[in-house]
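So the structure is just underneath, and the comments pick up after that.
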Amino acid sequence: MSAQPQVLESGVLVLRWRACSWLLAWRPLCVTTLLAAGLLGAVVLALLVGSQWLSPAVIWQVVQGDASSSLLILEFRLPRVLVAVVAGMALALAGGLLQTLTGNRLASPELLGLTDGATCTMLIALVLSPEGSFGPWWVGPLGALLAMASLLVVSGGVGQRGQRMLIVGIGLACLLRAMAELALSQQSLQHASAIYAWTTGSLAGKGTATLLPLAAGLAVLLPLAMLCRRQLALLRLDVDVAATLGVPVRAVQWLTLLTAVSLAGLAVGLCGPLAFVALAAPIIAERWAGGAAMPLPACALLGGMLVVLADLLGRILLPNAELPAGVICNLLGGPFLLWVLLGKGSAGKRE
Amino acid sequence: MTLLQVRQLRASHRQRPVLQGIDLNVDAGQVVAIVGPNGCGKSTLLRCLARLHRPDGGEIRLGGSPLWQLKPREVALRLALLPQALTAPEGITVAALVRYGRHPHQGWFRQWSPGDDAAVRDAMTMTDTLHLAGARIDELSGGQRQRCWLAMVLAQQTPLLLLDEPTSMLDLGHQVDVLECIRRLAAAGRSVVIVLHDLAAAARYADVLLVMREGRVIAQGAPRDVVTPALIRDVYGIEAAVLAAPGDGAPVVVPLGASAIAKQPAVPDTPAMLHAAQLEQEQR
């Protein structure tokens with residue numbers, strides 16, 4: 001029960017109270033705070049910028065209950081921006097969990113075929129519906145889950161470090177994409193363009209109906225992800241070492257995988273493919289925060305920020321048209337992937 | 001006091017039997033070395049003891065309780081494992097790695113107690129890694145890295161340590177460092193089961209030698225009684241002379257090439273005979 005705070009090496013602070021003790025790492029804490037501020041800034045910016053530019057003072061007026069601009073901000077821009085925040089957080093968390101679990105930086109929902117699974121079921125729902133509309137909100141997430149289930153069956157479980165799962169996932173993704181394209185080629189132009197619009201990952205017109213399931217999912221899954229954090233850091237050392245340190249390896253692997261798939265499935269299923277976020281956010285967050293454990297909160301905040309900014313860019317880049325957020329993500333994702341593969345301490349290799 | 005008891009252990013790997021009828025007792029403060037040719041089941045035996053491989057039959061008791069009835073955390077408080085050829089995640093510091101060893105002693109509301117501090121410091125002192133605390137693992141040499149991993153396992157403060165070839169990647173100096181460290185642990189009352197490739201090191205540092213071939217124990221006992229030319233022939237299929245090391249008289253195996261066998265008329269067959277022969281030489 002020492003009173004004075006103790007500092008472990010590398011800026012880790014020990015907080016003690018009675019017999020309890022907590023560890024607090026400075027650097028991840030600072031990075032998380034900065035990213036939270038950055039996300040808030042991005043959200044405010046996204047609320048103000050668009051076909052009609054507003055001054056920052058307007059936000060303050062809306063907060064105070066001034067009705068003149070509140071329709072535009074609260075009814076149109078805010079839901080869409082919040083969808084971008086939550087989708088980005090979910091994708092980044094999913095990427096962070098998958099990358100930690102497999103020990104491979106390239107493990108992302110796109111690579112594992114989740115996106116293509118969602119596209120497939122969306123397409124099936126569209127073809128089956130008599131009036132030619134998309135199905136209910138859960139169709140996309142269901143597709144992602146089905147893709148994951150078939151992936152696990154084919155690869156025979158998570159495996160020691162998930163390497164096999166990754167390779168099977170790449171194959172499965174190709175197969176699903178081919179199926180979707182085959183089905184698409186048989187559709188009327190109207191159906192085809194609707195599904196094509198979906199596959200570009202546009203947030204246009206996304207509102208409360210998308211936000212609610214997404215936010216509810218994140219509220220449940222974020223605590224689960226945080227619960228796995230410490231155990232995941234040990235799994236990263238070595239599976240056998242983790243097991244002899246008392247980590248229930250199988251349970252943690254399954255819980256992590258299901259959490260990641262549900263997060264990614266919800267985001268991709270509801271918003272369409274937003275590539276690059278799940279890959280980039282964990283890598284950047286980890287580089288900034290340092291340390292051995294994946295900084296999940298920082299990773300989520302960064303993901304939210306990236307999607308908000310991508311959507312924002314898409315809205316303002318072209319004078320008379322909107323670029324979907326997914327397209328912006330893809331534009332940024334290509335160079336980033338090359339940087340990851342070829343850059344310093346090339347991350348494509350296994351750790 | 002017997003810490004670990006193994007009775008009639010059987011285990012298989014993908015339906016292929018790997019271990020048959022293994023009996024083993026490990027007392028507190030004892031160093032048991034498992035030796036044998038590649039693929040004889042040494043590592044599987046160690047994995048069974050660490051509760052990483054579920055046996056087909058037989059019994060393993062740890063501190064009197066059946067190993068498989070303990071919870072993972074209880075096992076983690078009683079035994080620690082150092083697997084072969086580990087790689088740490090990039091960027092992690094030595095102190096952070098050693099701290100992981102405290103995981104079974106920690107929880108949500110007990111993330112770093114004074115006991116954790118002491119255990120980590122002791123472990124790092126014992127392995128001579130204290131001065132490396134702030135260094136990054138990936139910047140260290142192979143020998144330093146291995147000592148850091150050993151420190152992590154020691155920080156777990158378990159009565160039983162299971163080490164899988166802890167010296168295989170080290171040069172002679174570091175090998176001796178690690179083995180001397182293991183002797184000091186045993187002197188402090190901890191039990192060590194160690195898989196070793198190097199028969200000479202095993203004979204020198206172990207209290208009990210467990211010699212395996214094709215999944216069975218073919219000899220077990222004090223190194224001096226166990227290591228004979230007949231055993232070497234039996235296990236490794238080579239001719240060898242067994243000499244007594246100067247000083248402590250631990251058996252030293254000298255493999256004989258074809259030419260050496262031709263020149264050597266008779267190889268003394270038991271360490272006792274050899275010992276007598278050497279004493280005779282020294283007296284002369």
Side-chain angles (χ1 to χ4, degrees), chain A residues 1-2 5-25 27 99-100 103 105 161 226-227 229-252 286-287 289-294 344-347 349-351, chain B residues 46-47 49-53 70-97 99-117 120 133-138 149 152-153 155-156 158 161-162 164:
Chain A
M1 280 179 230
S2 73
Q6 177 198 355
V7 181
L8 296 178
E9 108 312 327
S10 62
V12 183
L13 198 70
V14 186
L15 303 176
R16 290 226 169 90
W17 182 71
R18 306 261 171 110
C20 301
S21 54
W22 293 272
L23 287 180
L24 196 71
R27 198 167 141 190
Q99 288 184 18
T100 319
R105 299 228 197 244
R161 295 211 66 168
M226 292 303 288
L227 203 67
R229 215 175 81 97
R230 251 163 75 88
Q231 269 83 358
L232 271 180
L234 288 171
L235 273 184
R236 220 178 196 191
L237 283 184
D238 179 82
V239 177
D240 288 346
V241 169
T244 44
L245 283 171
V247 175
V249 173
R250 287 276 135 198
V252 171
E286 209 182 9
R287 216 158 264 198
M294 173 65 74
K344 183 169 75 101
S346 121
K349 75 180 182 204
R350 271 180 65 181
E351 290 179 352
Chain B
L46 204 71
R47 289 176 63 80
L49 300 182
R51 216 177 93 139
L52 293 172
H53 188 108
L70 295 170
K71 296 196 182 83
R73 191 192 177 98
E74 291 173 325
V75 176
L77 291 171
R78 297 177 191 208
L79 66 80
L81 169 76
L82 182 65
Q84 254 187 87
L86 291 162
T87 38
E90 25 176 290
I92 174 175
T93 63
V94 172
L97 177 72
R99 281 209 296 271
Y100 279 130
R102 296 304 293 166
H103 182 261
H105 301 266
Q106 296 168 338
W108 277 99
F109 298 103
R110 201 184 133 85
Q111 299 188 347
W112 198 255
S113 68
D116 294 332
D117 250 342
V120 164
R136 285 170 44 158
I137 290 275
D138 40 17
W149 280 102
M152 190 211 82
V153 171
Q156 211 175 327
T158 54
L161 290 165
L162 307 173
D164 197 353

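Here is the naming used below: chain letters follow the sequence lines, and residue numbers restart at 1 for every chain.
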*Measuring from A/Asp240:CG to B/Gln84:CD, what's the distance to the nearest 0.5 Å?*
11.0 Å
*Could you tell me which of B/Asp117, B/Asp116, B/Thr158, B/Leu162 has the largest number of non-hydrogen atom pairs under 4.5 Å with chain A?*
B/Asp117
*Please report the shortest heavy-atom distance between A/Gly246 and B/Ala76, naming the atom on each side.*
N-CB, 3.5 Å
_B/Gln156 side chain near A/Val241 side chain, heavy-atom distance below 4.5 Å_ = no
_Heavy-atom pairs under 4.5 Å with chain A: which of B/Gly107, B/Ala50, B/Ser113, B/Ala80 has the most?_
B/Ser113
*If you measure from CE on B/Met152 to CG on A/Leu245, what distance do you get to the nearest 0.5 Å?*
5.0 Å
*Please look at B/Leu81 and chain A and tell me whether the side chain, the backbone, both or neither of the residue comes under 4.5 angstrom of a heavy atom of that chain.*
both
*Using side chain to side chain donor-acceptor pair (under 3.5 Å) as the criterion, list what pairs up with B/Arg136, not counting sequence neighbours.*
B/Asp138
_Whether the side chain of A/Arg16 engages the backbone of B/Trp112 through a donor-acceptor N/O pair (distance < 3.5 Å, no angle test) should be reported._
yes
*Please flag which part of B/Leu79 lies under 4.5 Å from any non-hydrogen atom of chain A: side chain, backbone, both or neither.*
both
*Could you grab the distance from atom NE2 of B/His103 to atom OG1 of A/Thr244, nearest 0.5 Å is fine?*
11.5 Å
*With B/Trp149, which residues qualify under side chain to side chain donor-acceptor pair (under 3.5 Å), at least two apart?*
none
*Answer whether the closest heavy-atom distance between the side chains of A/Leu237 and B/Leu97 falls below 4.5 Å.*
yes
*Heavy-atom contact with chain A under 4.5 Å, split by part of B/Glu74*: neither
*Validation row: B/Phe109, A/Trp22 side chains within 4.5 angstrom (heavy atoms)*: yes
